[in-house]
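One is the number of the first residue; the rest follow in order along the sequence.
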Amino acid sequence: MVKLASADVAAQKKATRAALGATLAELADEGVPVVAVDADLTGSTTMKKLADAGYAERLFNCGIAEQNMVDVAAGLSLAGNVAFTGSFAVFGTGRAYDQIRNTVCYSNLNVKITPTHAGISVGPDGGSHQMLEDVALMRGLPGMRVLVPADYAAARAAIKLAAAAPGPVYVRMGRAAVPCVYDDDVQLEIGAAYVLREGTDATIVANGVEIREALVAAEQLAAEGVSVEVIDAFSVKPLDADTIGASLAKTGCAVVAEEHAVTGGLGSAVAELAAATAPVPLEFVGVRDRFGKSGEFEELLAYFSIDAASIVEAVKKAVARKAL
């Protein structure tokens with residue numbers, strides 16, 4: 001099992017996006033030929049930190065032109081660089097999907113799609129900016145690896161993994177400060193899922209901001225006598241079929257929780273796995289066939305029924321179905 005944050009660290013909050021620029025600067029210090037290509041949002045994505053660290057020549061601001069941003073990153077990768085793209089997720093994946101598909105993935109270029117401000121954690125920016133389909137889009141692309149870190153430490157690890165893995169990688173990051181889950185120096189792997197809490201009655205498979213909600217839900221359920229296993233499916237693609245499949249077989253039912261639409265993302269990936277290897281009752285906690293809404297992040301978790309209380313209810317439904 002990976003090392004979780006101490007109680008003192010777990011009480012702290014930090015945005016996953018804060019890891020982007022700082023980690024790129026760290027990689028540059030280590031001699032990795034990273035470059036950052038942004039679409040006029042270097043402050044918000046934190047890519048500006050690469051320039052602030054003394055690597056201004058490695059930061060390329062393409063202006064409000066996301067398709068061009070991806071093509072510039074593609075060209076830089078062909079010159080021997082490890083190219084990272086910025087922007088917000090709604091623009092960095094949705095507006096530039098054609099270029100990601102046909103320029104980056106079709107040619108298997110060494111470009112890392114690393115937008116910030118994904119999901120409802122964008123908060124007051126509202127539904128136009130709350131990207132809830134990005135994992136589905138990126139997961140469907142041949143050759144694309146998809147990582148959804150739970151906290152700052154996991155985001156830092158994900159960016160380092162992306163830099164070291166040849167070819168396209170998608171790392172999904174958010175705007176809001178979220179509780180720390182992992183130890184600062186956590187080591188993760190592409191293709192791995194992590195059992196954060198063992199249980200026997202049900203499994204919760206989650207990632208991103210839903211990891212903290214899942215852990216809170218597991219504590220509440222334990223107080224009611226329900227033993228829940230919590231798994232961080234940090235790597236949506238490739239999915240860790242062995243770890244997740246073994247847990248489904250052990251507990252006999254599962255809830256999948258994600259800050260994303262219920263279609264096409266982690267829930268779909270786990271459902272596909274379950275159908276092929278371990279058919280068990282599944283419940284899905286996610287946003288259902290609708291756009292986002294302006295509001296504070298914590299309010300929106302409850303509004304869209306993706307908070308800890310919603311996970312608790314979903315687990316109870318899954319356990320009841322198992323008993324039928």
key: Distance in Å, Phe234 CZ paired with Asp151 CG, rounded so as to fall on 0.5 Å steps   = 10.5 Å
request  = Could you tell me whether a side-chain N or O of Arg175 sits under 3.5 Å from a main-chain N or O of His117, the two making a donor and an acceptor?
outcome  = no
inquiry  = For Ile64, is the CD1 atom crowded, meaning more than 12 foreign heavy atoms sit under 6.0 Å from it?
reply    = no
ask   = Could you walk me through whether Val178 and Phe297 pass the side-chain contact (heavy atoms from CB on, under 4.5 Å) check?
value = CA-CA 10 Å; Val178 295; Phe297 174 44; 4.1 Å; yes
task = Quick one: pull up CG in Leu27 and CZ in Arg156 and give me the separation to the nearest 0.5 Å.
result = 9.0 Å
message = Walk me through whether Tyr194 and Ile211 qualify under side-chain contact (heavy atoms from CB on, under 4.5 Å).
response = CA-CA 11 Å; Tyr194 300 93; Ile211 289 297; over 6 Å; no
message = If hydrophobic clusters are built by linking Ile, Leu, Val, Met, Phe, Trp and Tyr wherever their side-chain heavy atoms come under 4.5 Å apart, do Val9 and Leu188 end up in the same one?
response = no
ask   = At their closest point, which heavy atom of Phe291 faces which heavy atom of Leu132, and how far apart are they?
value = C-CD1, 4.4 Å
query = Does any non-hydrogen side-chain atom of Thr243 lie less than 4.5 Å from one of Val195?
reply = yes
message = If we check side-chain hydrogen bond (donor to acceptor under 3.5 Å, both in side chains) with Tyr170, which of these qualifies: Asp134, Thr85, Thr114, Thr93?
response = Asp134
inquiry  = When you measure from the side chain of Asp201 to the backbone of Ser227, do you find a donor-acceptor pair of N or O atoms at a distance under 3.5 Å?
reply    = yes
Gln130 side chain to Asp125 backbone, donor-acceptor under 3.5 Å = no
query = Which atom names give the shortest non-hydrogen contact between Thr16 and Gly174, and what distance separates them?
reply = OG1-N, 2.7 Å
ask   = Does a side chain donor of either Thr251 or Glu229 reach within less than 3.5 Å of an acceptor in the other side chain?
value = no
message = Would you say that Met47 contacts Leu20 through its side chain, given a criterion of any heavy-atom pair below 4.5 Å between the two side chains?
response = yes
ask   = Taking a hydrophobic cluster as the set of Ile, Leu, Val, Met, Phe, Trp and Tyr residues connected by side-chain heavy atoms closer than 4.5 Å, whether directly or through intermediates, do Val280 and Val256 fall within one such cluster?
value = yes
query = Would the number of heavy atoms belonging to other residues, nucleotides or ligands and lying under 6.0 Å from NZ of Lys322 be above 12?
reply = yes
query = In Å, rounded to the nearest 0.5 Å, how long is the span from OG1 of Thr200 to NZ of Lys250?
reply = 7.5 Å
query = Ignoring hydrogens and geometry, is there a side-chain-to-backbone donor-acceptor pair from Gln187 to Asp185 under 3.5 Å?
reply = yes
request  = Give the minimum heavy-atom separation between Ser87 and Met69, together with the two atoms involved.
outcome  = CB-CE, 4.1 Å
ask   = Between Tyr55 and Leu24, is a side-chain contact (heavy atoms from CB on, under 4.5 Å) present by the stated rule, with each step listed?
value = CA-CA 10 Å; Tyr55 299 101; Leu24 291 179; over 6 Å; no
inquiry  = Is it the case that the side chain of Ser235 and the backbone of Gly191 share a donor-acceptor pair, with hydrogens and angles ignored and the cut-off at 3.5 Å?
reply    = yes
message = Just so I know, are the side chains of Met138 and Arg172 near enough to count as touching, which here means a heavy-atom distance under 4.5 Å?
response = no
hydrophobic_cluster_shared for Val262 and Leu273, side chain cutoff 4.5 Å = yes
message = Can you confirm whether Pro168 sits close enough to Leu109 that some side-chain heavy atom of one is under 4.5 Å from a side-chain heavy atom of the other?
response = no
remark   = Note: Leu50 and Ala28 closest approach over all heavy atoms is CD1-CB, 4.2 Å
message = Is any side-chain heavy atom of Arg17 closer than 4.5 Å to one of Ser44?
response = yes
key: Rounded distance [0.5 Å steps], CZ in Phe91 versus CG in Asp40   = 11.5 Å
task = May I ask you to decide if Gly167's main-chain N or O and Asn110's side chain share a donor-acceptor pair within less than 3.5 Å?
result = yes
query = What distance separates Ser107 OG from Leu78 CG, expressed to the nearest 0.5 Å?
reply = 7.5 Å
Heavy-atom closest contact (Val70 atom, Ala96 atom, distance) = CG2-CB, 3.6 Å
query = Just by modelled atom types, is the Leu266 backbone N or O under 3.5 Å from a matching donor or acceptor in the Glu258 side chain?
reply = yes
query = What heavy-atom pair brings Cys105 and Pro142 nearest, and what distance separates the two atoms?
reply = CB-O, 3.7 Å
query = Quick one: NZ on Lys317 to CZ on Arg321, what's the gap to the nearest 0.5 Å?
reply = 10.0 Å
message = Between Leu196 and Tyr182, does the side-chain contact (heavy atoms from CB on, under 4.5 Å) criterion hold? Intermediate values first, please.
response = CA-CA 10 Å; Leu196 306 186; Tyr182 290 109; 3.6 Å; yes
request  = Answer yes or no: is there a side-chain heavy-atom contact under 4.5 Å between Val34 and Arg58?
outcome  = yes
message = Applying a strict under-4.5 Å side-chain criterion to I, L, V, M, F, W and Y, I'd like to know whether Tyr152 and Val122 cluster together.
response = no
ask   = Taking C-beta and beyond as the side chain, do Val236 and His260 meet within less than 4.5 Å on heavy atoms?
value = no
ask   = Sub-3.5 Å donor-acceptor pair from the side chain of Asn81 to the main-chain atoms of Ala83, do we have one?
value = no
key: Pair Asp38, Thr45: side-chain N/O donor-acceptor within cut-off below 3.5 Å   = yes
task = Say whether, by atom type as modelled, one donor and one acceptor occur between the side chain of Arg101 and the main chain of Tyr106 under 3.5 angstrom.
result = no
message = If the test is side chain to side chain contact (heavy atoms under 4.5 Å, CB included), which one of Val312, Val319, Leu221 qualifies with Val228?
response = Leu221
query = With a 4.5 Å heavy-atom cut-off, do Pro124 and Glu296 have their side chains touching?
reply = yes
request  = Examine Val111 and Tyr97 and state if one hydrophobic cluster contains both, with Ile, Leu, Val, Met, Phe, Trp and Tyr joined whenever side-chain heavy atoms are less than 4.5 Å apart.
outcome  = yes
Basic-acidic side-chain contact under 4.0 Å: Arg139, Glu272 = yes
ask   = Ignoring hydrogens and geometry, is there a side-chain-to-backbone donor-acceptor pair from Lys112 to Ala162 under 3.5 Å?
value = yes
message = Could you check whether atom NZ of Lys237 has more than 12 heavy atoms from other residues, nucleotides or ligands sitting under 6.0 Å from it?
response = yes
